[in-house]
Colleague: 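My questions all concern the structure below.
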Amino acid sequence: MKRPSRPVILVSNDDGIHAPGIAALASALGTVGEVWVVAPDRERSAVGHALTLHRPLTADQLGPRRFAINGTPSDCVNLALLGLLPVRPRLVVAGVNAGSNLGDDVTYSGTVSAALEAALLGVPGLAVSLVQPTGPASYRPAARAAAKLTQLLLRESERGAMLLNVNVPPGPPRGVKLTRLGRRLYSEKVVERQDPRGRRYFWIGVGPPAWEAGEDTDYAAVHAGYVSVTPLMLDLTDYPGLRGLKDWEAEYRRQSRGRAPGARS
Ligand code: MN
């Protein structure tokens with residue numbers, strides 16, 4: 001009997017190629033397909049969807065099918081899909097990130113951006129993050145969950161390049177919940193200190209985030225001990241806003257006509 005060929009899976013992250021989360025993920029996905037690792041050569045967390053356009057990128061081969069890139073997570077996926085890999089992968093999986101990527105935080109996340117870059121280039125993307133990792137071994141259940149979800153996502157190929165944001169709770173998960181993005185409550189303040197030379201400096205994003213209550217959110221699911229799976233969309237258009245501001249076109253024309261002649265400059 002002919003065995004079906006193993007799907008090629010690209011693995012990346014934003015914690016850097018030497019992070020424990022990516023090792024656990026690559027190992028778990030080895031049971032699902034042929035894994036290629038293309039990841040930043042150092043931690044690039046919270047760089048969002050940044051691309052490096054003003055200096056060259058290098059690909060340092062660290063082993064078979066394993067490359068470190070001196071760039072961002074999106075650089076890694078772009079480079080891998082558009083040149084470095086000999087074949088187009090069936091799927092891109094990013095993570096396992098050290099720490100959650102929930103709700104509004106997905107906009108900052110390099111992990112989510114790596115999966116987003118894949119979806120933009122027509123390849124399904126899965127971002128996996130672990131809430132409160134406690135050590136290298138704590139990534140294993142998250143990586144196993146990612147492998148199971150990878151198998152499910154591979155079966156959804158007729159849906160096109162889907163983008164899934166997965167957050168895994170600490171400890172053994174109670175199951176999986178499909179969720180929407182939660183909303184953060186921004187109450188934290190910047191931390192201001194003084195350096196030894198008397199200059200002020202600041203830290204942003206310090207302190208535990210607070211969240212809006214919402215039963216079907218990603219935050220609620222991981223808080224209740226479930227693996228949260230949020231399908232994301234790339235279209236940032238505000239459709240109610242688009243409908244609500246329709247009269248701006250005519251209003252803008254009226255204002256332009258209302259100007260006194262010669263008042264142009
Ligand atoms: Mn990270």
Side-chain angles (χ1 to χ4, degrees), residues 9-29 35-52 57 60 62 66-80 91-120 125-147 149-150 163-170 181-182 184 188 203-209 211 218-219 222 227-230 232:
I9 301 169
L10 172 66
V11 169
S12 193
N13 74 347
D14 76 357
D15 296 332
I17 197 158
H18 302 294
I22 198 170
L25 183 61
S27 158
L29 290 178
V35 172
W36 289 68
V37 175
V38 181
D41 61 358
R42 69 200 70 185
E43 160 135 21
R44 303 303 301 266
S45 290
V47 298
H49 197 201
L51 281 179
T52 302
L57 294 170
D60 196 6
L62 303 184
R66 191 161 176 264
F67 296 87
I69 310 294
N70 60 344
T72 67
S74 296
D75 287 334
C76 293
V77 173
N78 192 286
L79 186 59
L91 205 74
V92 174
V93 187
V96 175
N97 187 62
S100 64
N101 277 305
L102 297 162
D104 305 334
D105 289 353
V106 300
T107 57
Y108 307 108
S109 168
T111 310
V112 176
S113 294
L116 170 62
E117 182 70 4
L120 284 173
L126 191 97
V128 191
S129 306
L130 174 61
V131 182
Q132 290 166 10
T134 50
S138 68
Y139 289 94
R140 266 184 234 137
R144 275 197 297 273
L149 292 167
T150 295
L163 170 58
L164 299 183
N165 185 40
V166 176
N167 281 274
V168 181
L181 292 178
R184 256 180 91 150
E188 58 196 38
W203 282 94
I204 61 168
V206 182
W211 294 85
D218 51 2
Y219 174 75
V222 291
V227 174
S228 162
V229 179
T230 310
L232 300 180

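Indexing begins at 1, ligand by ligand and atom by atom, following the structure's order. The residues of the chain are indexed from 1 along the displayed sequence.
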Colleague: More than 12 foreign heavy atoms under 6.0 Å from CZ of R140: is that the case here?
Modeller: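 It does not: R140 CZ has 12 such atoms or fewer within range.
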Colleague: Return the name of the atom in D14, of element N, O or S, nearest to the Mn ion (ligand 1).
Modeller: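 Result for D14 and the Mn ion (ligand 1): OD1.
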Colleague: Go through the steps to decide whether V227 and N167 satisfy the test side chain to side chain contact (heavy atoms under 4.5 Å, CB included), and finish with yes or no.
Modeller: CA-CA 6 Å; V227 174; N167 281 274; over 6 Å; no
Colleague: Supply the atom-to-atom distance I69 CD1 to S74 OG, rounded to the nearest 0.5 angstrom.
Modeller: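 OG of S74 is found 13.0 Å from CD1 of I69.
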Colleague: Report the name of the N/O/S atom of D15 located nearest to the Mn ion (ligand 1).
Modeller: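 The nearest such atom is OD1.
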Colleague: With a cut-off of 2.8 Å, does S129 put an N/O/S atom close enough to the Mn ion (ligand 1)?
Modeller: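 Here the distance criterion (N, O or S atom, under 2.8 Å) is not met by S129, so no.
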Colleague: Show, in sequence, the C-alpha distance, side-chain angles and deciding distance for L164 and L232, and conclude whether the side chain to side chain contact (heavy atoms under 4.5 Å, CB included) test is met.
Modeller: CA-CA 6 Å; L164 299 183; L232 300 180; over 6 Å; no
Colleague: So does S45 have any N/O/S atom less than 2.8 Å away from the Mn ion (ligand 1)?
Modeller: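 Checking the Mn ion (ligand 1) against S45, an N, O or S atom does fall under 2.8 Å.
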